[in-house]
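For reference, the structure discussed in these notes is given below.
Throughout, a chain's letter reflects where its sequence line sits, starting with A, and its residues are numbered from 1.
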Protein chains: 2
Amino acid sequence: MARAGLTPERLTLAGAELADEVGFEQVTVSALARRFDVKVASLYSHLKNSQELKTRIALFALEELADRASDAVAGRAGKDALAAFAEAYRGYAREHPGRYAAARLRLDPETAAASAAVRHSQMTRAILRGYDLPEPDQTHAVRMLGGVFHGYVSLELAGSFDHSAPDARESWTWIVDSLDALLRNRAAPHNRPSRKPRSTG
Amino acid sequence: MARAGLTPERLTLAGAELADEVGFEQVTVSALARRFDVKVASLYSHLKNSQELKTRIALFALEELADRASDAVAGRAGKDALAAFAEAYRGYAREHPGRYAAARLRLDPETAAASAAVRHSQMTRAILRGYDLPEPDQTHAVRMLGGVFHGYVSLELAGSFDHSAPDARESWTWIVDSLDALLRNRAAPHNRPSRKPRSTG
DNA sequence: CTAGTTTGCCTAAAATCTTTAGGCAAATAC
DNA sequence: GTATTTGCCTAAAGATTTTAGGCAAACTAG
């Protein structure tokens, strides 16, 4: 009987494709075995368990998304970079909803620390460099951007904005514009102190 | 043999409690049956299937969260209202992570339309009234707020901000402040037009 | 208070998924 | 060409979901 040529990598990629087709939740070891036309138990030579499959898909998606965002941001700064980054994010989620969902899987701290997740926050920080925020604020901004991008995209994917005007892309543009303005404001508090007016100089 | 007194309502509440204890993903009909010390099949007299259980928990959580947000916002306006709303959201997610996760379950359109989800967007719109945004912008803002709140809270719950300064609550305050400023800017473009300087009057 | 009806939880069983153990044959290595 | 390793297999057990049918407890009459 000819061998199927299974490897962890091929299984991961096929799992990612399956996720895009049927949803990340529906990715099971059984479904993957059917896709390769082998018996389920065979996959356990290549994967420790079902959790490892999901984790591998998540890591793969994080990497792919980071590559894409990295390409998008290359050579840009300020609002241009922000918009490109945001667009890479949204585009990936729309093209690969299953992989995007996978990228949101909760990883245990060590795995996360060794994953492309760190590239994501590094990129966010790089973009913020163009806005010249003082340090506690920069971290707040990293978290806010992570939150908005993830949150908005996830609401859009859930179909929350279907069947209602204006369409999701217009809102996305408006939000990116607004965030840019917000960050510029935070950077240069020349005449509108929005926090405690203490320690001004 | 004494009866357990199962009802859809009691099952839903117990399911919500279970979700907070072990995570919404881990809420199964079997686990719930064990909790009531009855056989699994017994639950199927009260629930159509596993999906219905999850949907009921989701609807319950949406309602509970809407009540809480509604109380928090009552009698407030402008930034006060925004901050109270945000705090209600974040507090609920922290106290009831399982229920919060349930509230994020994707509902089919009809179910969603008949759920407390509509109260959520109504409240958001009510808060935005204090900022006096023109119409396409108001919808964009509703979506942005939904996105930020959901996204940030979900990152915080995932533990993304653990073990790093500043703590999550500081960032939350900063974000709410920033959003308030952003919305005020969008409302009154008196001398800083951040969009196309066309159709100014 | 007893007879009839409804209701609630039960046993039984099938389908699917996860996971482990052990076997045989194909690929690889002298 | 034999020996070893590797890859996919069969078999089997445990868990979850869901359906079908049964028996007894709880209402509803007279």
May I have the list of side-chain donor-acceptor pairs in residues 30-43 of chain B shorter than 3.5 Å, sequence neighbours left out?
residue : atom : partner : partner atom : Å
B/R35   : NH2  : B/E21   : OE1          : 2.4
B/R35   : NH2  : B/E21   : OE2          : 3.2
B/S42   : OG   : B/K39   : O            : 3.1

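- Contacts of A/R106 classified as salt bridge (Lys or Arg N to Asp or Glu O under 4.0 Å), with partners at least two apart in sequence or in another chain: none.
- Shown here are the side chain to side chain contact (heavy atoms under 4.5 Å, CB included) partners of B/D20, two or more places apart in sequence or in another chain: B/H96, B/P97, B/R99.
- Residues forming a side-chain hydrogen bond (donor to acceptor under 3.5 Å, both in side chains) with A/S164 (at least two apart in sequence, or on another chain): B/R143.
- Computed from coordinates, the B/E25 CD to D/dT17 C1' distance equals 17 Å when rounded to whole Å.
- Under the side-chain hydrogen bond (donor to acceptor under 3.5 Å, both in side chains) criterion, B/E95 pairs with B/R68, sequence neighbours left out.
- Residues satisfying the salt bridge (Lys or Arg N to Asp or Glu O under 4.0 Å) criterion with A/D67, sequence neighbours excluded, are A/R119.
- DNA chain D is contacted by A/G5, A/L6 of residues 5-13 of chain A, taking any non-hydrogen atom closer than 4.0 Å.
- Donor-acceptor pairing under 3.5 Å is lacking for the side chains of A/H120 and A/Y89.
- Atoms CG (A/L18) and P (C/dC17) sit 11 Å apart, rounded to a whole Å.
- Against DNA chain D, the stretch residues 35-49 of chain B makes heavy-atom approaches under 4.0 Å through B/V40, B/A41, B/Y44, B/N49.
- In this view, A/E135 and A/R125 satisfy the salt bridge (Lys or Arg N to Asp or Glu O under 4.0 Å) rule, not counting sequence neighbours.
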Distances under 3.5 Å between protein N/O atoms and the N/O atoms of nucleotides 13-16 of chain D, please, pair by pair.
residue : atom : partner : partner atom : Å
D/dT16  : OP1  : B/R34   : NH2          : 3.4
D/dT16  : OP2  : B/R34   : NH1          : 3.2

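- Residues satisfying the salt bridge (Lys or Arg N to Asp or Glu O under 4.0 Å) test with A/E156, not counting sequence neighbours, are A/R90, A/R94.
- The side chain to side chain contact (heavy atoms under 4.5 Å, CB included) search around B/D71 returns none, not counting sequence neighbours.
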